[in-house]
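Keep in mind that what you see is a predicted model, and the values were worked out from it rather than measured. Within every chain, numbering begins at 1; the chains are lettered A, B, ... in the order of the sequence lines, protein sequences first and strands thereafter.
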Number of protein chains: 2
Amino acid sequence: MTVPERLISAATELFAAKGFDRVAVQEIVDRAGVTKGAMYHYFGSKDDLLHEIYGSVLRMQTERLEKIAAGDGPVVERLHAAASDVIVTSIDNFDQAKVYFRSADHLAEDKRLAMRSERRRYHERFRALVEEGQAAGVFRADVPADVTVHYYFGAVHHLATWYSPDGVLSAEDVGRHYADLLVGSLRP
Amino acid sequence: MTVPERLISAATELFAAKGFDRVAVQEIVDRAGVTKGAMYHYFGSKDDLLHEIYGSVLRMQTERLEKIAAGDGPVVERLHAAASDVIVTSIDNFDQAKVYFRSADHLAEDKRLAMRSERRRYHERFRALVEEGQAAGVFRADVPADVTVHYYFGAVHHLATWYSPDGVLSAEDVGRHYADLLVGSLRP
DNA sequence: GTTCTAAGCAACCGCTTAGTATGTCGTTTT
DNA sequence: AAAACGACATACTAAGCGGTTGCTTAGAAC
């Protein structure tokens with residue numbers, strides 16, 4: 001691993017474990033086996049590290065969602081697949097996901113705005129799936145799609161709080177359960 | 001308002017707006033119109049303030065849940081009422097709820113353990129409701145009740161991130177929608 | 001083989017922070 | 001009336017923080 005990779009990796013683990021504000025730059029560079037000079041050579045600030053982690057998760061999830069949503073199966077199946085996929089990939093990259101889920105408001109103002117628009121795009125792509133099902137009459141329409149999406153992603157974000165990879169539930173188990181609940185709640 | 005009340009109130013607003021670690025004790029006492037001497041007279045530490053806020057929300061929610069769960073209507077209605085109630089009360093005390101939802105891991109070790117057992121009690125009371133419905137055959141049983149409860153409280157906690165009291169949705173609207181989604185997802 | 005540059009180090013700086021030690025003043029107790 | 005006490009204010013400290021600044025070194029370019 002190169003030095004910048006080691007720094008990102010160390011920062012991810014530490015941010016996931018203690019939260020952004022509880023991690024000193026010194027800890028990160030210690031774990032990466034370099035000094036602060038090296039870190040500030042590759043990254044402009046501590047915020048930059050967070051920004052990097054945050055962005056990479058968001059990009060990955062967005063890509064996958066768009067691919068799944070653009071598939072050609074019935075909308076119920078596509079929504080189920082998308083709902084399940086976000087769980088599985090979040091658990092597979094659990095440290096990164098934890099940082100992403102819990103650190104949105106630690107980003108500096110300028111970077112936060114940039115990220116927000118990309119996050120909105122993700123949200124709206126998901127919402128479009130729900131609305132498609134509503135228009136087709138296979139999903140209930142008395143709950144606004146927007147609310148439903150917030151509802152579901154609340155559940156997803158909360159994974160970081162309760163799920164443990166050492167427990168009895170595999171990532172696929174949770175993904176299936178969560179997707180079942182979502183799709184179930186949308187039955188007319 | 002007494003001085004300790006003003007301190008709690010100021011801390012609640014600031015913690016809700018910026019997060020525990022981003023708030024200096026000096027800011028809290030400034031907003032409360034006193035000095036640090038006063039604060040450390042009433043509270044042992046900055047952590048104590050958080051602990052106080054955290055505990056009061058938890059106590060309130062637990063009390064209300066137990067009252068609702070112990071009612072004598074059908075389990076579907078009791079679960080719906082409980083699910084809706086937690087939303088409405090969270091929004092009615094939005095700053096407190098925000099602090100509660102987002103600050104669990106900022107508590108000092110000893111206080112965190114104390115809180116965890118009380119939170120578990122809350123969680124299990126809710127889970128018991130779901131299991132009651134499963135046993136009665138009115139709820140699907142292929143998703144573990146435990147997972148369902150985590151799922152729902154994820155959605156609830158996420159309120160702090162997206163909901164705005166100034167928007168078009170009232171607390172009751174959101175409460176009804178969320179409860180509808182939960183109960184809907186549990187239909188066999 | 002000299003020059004140039006990127007990579008990384010060690011030391012340091014200015015600032016902020018939670019917490020403390022002590023002082024003051026009005027009220028209650030004796 | 002004296003003493004004790006509760007309720008704060010003032011002033012301070014010790015530690016930790018993110019970030020900066022030269023400096024050294026290793027390898028590529030010519």
Side-chain angles (χ1 to χ4, degrees), chain A residues 1-55 99 102-115, chain B residues 1-55 99 102-115:
Chain A
M1 267 210 283
T2 68
V3 168
E5 282 169 354
R6 288 215 309 277
L7 283 164
I8 287 284
S9 166
T12 302
E13 292 168 26
L14 288 166
F15 290 164
K18 313 204 300 176
F20 183 76
D21 284 327
R22 299 275 170 113
V23 177
V25 172
Q26 192 61 53
E27 292 181 74
I28 300 173
V29 300
D30 283 353
R31 175 174 286 232
V34 295
T35 63
K36 286 211 272 189
M39 192 219 122
Y40 281 97
H41 178 73
Y42 290 107
F43 301 95
S45 65
K46 185 186 173 189
D47 275 353
D48 268 14
L49 280 171
L50 178 59
H51 183 251
E52 206 73 30
I53 300 166
Y54 195 88
V99 175
R102 294 180 352 191
S103 302
D105 44 349
H106 292 132
L107 283 168
E109 187 66 19
D110 51 338
K111 286 159 193 161
R112 209 174 61 215
L113 293 178
M115 284 297 119
Chain B
M1 269 212 281
T2 68
V3 167
E5 281 168 355
R6 288 214 308 277
L7 283 165
I8 287 284
S9 165
T12 303
E13 292 168 26
L14 289 166
F15 289 164
K18 314 205 299 176
F20 183 77
D21 283 327
R22 300 275 170 115
V23 176
V25 171
Q26 192 61 50
E27 292 181 74
I28 301 173
V29 299
D30 283 352
R31 175 175 286 231
V34 294
T35 63
K36 286 211 269 190
M39 195 223 119
Y40 281 98
H41 177 72
Y42 290 107
F43 302 94
S45 65
K46 185 185 171 188
D47 274 354
D48 266 14
L49 280 170
L50 178 60
H51 183 251
E52 206 73 29
I53 299 166
Y54 195 88
V99 176
R102 295 180 352 189
S103 301
D105 43 347
H106 293 132
L107 284 169
E109 188 65 20
D110 51 338
K111 287 158 193 162
R112 210 175 61 214
L113 292 177
M115 284 296 118

* Rounded off to whole Å, could you give me the OH-to-P distance for the A:Y40 and C:dC12 pair? => 19 Å

* Would you mind reading off the distance between B:H106 atom NE2 and C:dT17 atom C1', rounded to a whole angstrom? => 16 Å

* Would you check if the side chain of B:S45 reaches a backbone N or O of B:D48 as a donor-acceptor pair within less than 3.5 Å? => yes

* Return the value, rounded to whole Å, for the distance between atom CZ of B:R22 and atom C1' of C:dA18. => 17 Å

* Flag the pair B:V99 / B:Y54 as yes when at least one side-chain heavy-atom distance between them is below 4.5 Å, and no otherwise. => no

* Rounded to whole angstroms, how far apart are OH on A:Y42 and C1' on D:dG19? -> 18 Å

* Asked: CG of A:L7 versus C1' of C:dA7: gap in Å, rounded?
  -> 12 Å

* To do: Return yes if the base of C:dG19 and the side-chain atoms of B:K36 contain a donor-acceptor N/O pair under 3.5 Å, otherwise no.
  => yes

* Please tell me which of the listed nucleotides, C:dG19, D:dA7, D:dG19, lies nearest to the side chain of B:H41? => D:dA7

* Given D:dC8, C:dA7, C:dC9, which nucleotide is nearest the side-chain atoms of B:A38? -> D:dC8

* Structure fact -> Atom CD of A:Q26 and atom P of C:dA11 are separated, to the nearest Å, by 12 Å

* In whole angstroms, how far is the C1' atom of C:dT16 from the NZ atom of B:K18? -> 13 Å

* Answer whether the closest heavy-atom distance between the side chains of B:R102 and A:D105 falls below 4.5 Å. => yes

* Please confirm whether the backbone N or O of B:A32 pairs with a side-chain atom of B:R6, one donor and one acceptor, at under 3.5 Å? => yes

* Considering only D:dG18, D:dA9, C:dC9, which nucleotide approaches the side chain of A:A24 most closely? -> D:dG18

* To do: Provide, to the nearest angstrom, the distance between the CZ atom belonging to B:F43 and the P atom belonging to C:dT20.
  => 16 Å

* To do: Could you check which of D:dC8, C:dG8, D:dG18 has an atom nearest any side-chain atom of A:V3?
  => C:dG8

* To do: Quick one: label A:V23 by what it contacts on the DNA or RNA (base, sugar-phosphate, nothing), any heavy atom closer than 4.0 Å.
  => sugar-phosphate

* Min side-chain heavy-atom separation A:F20-A:D47 under 4.5 Å -> yes

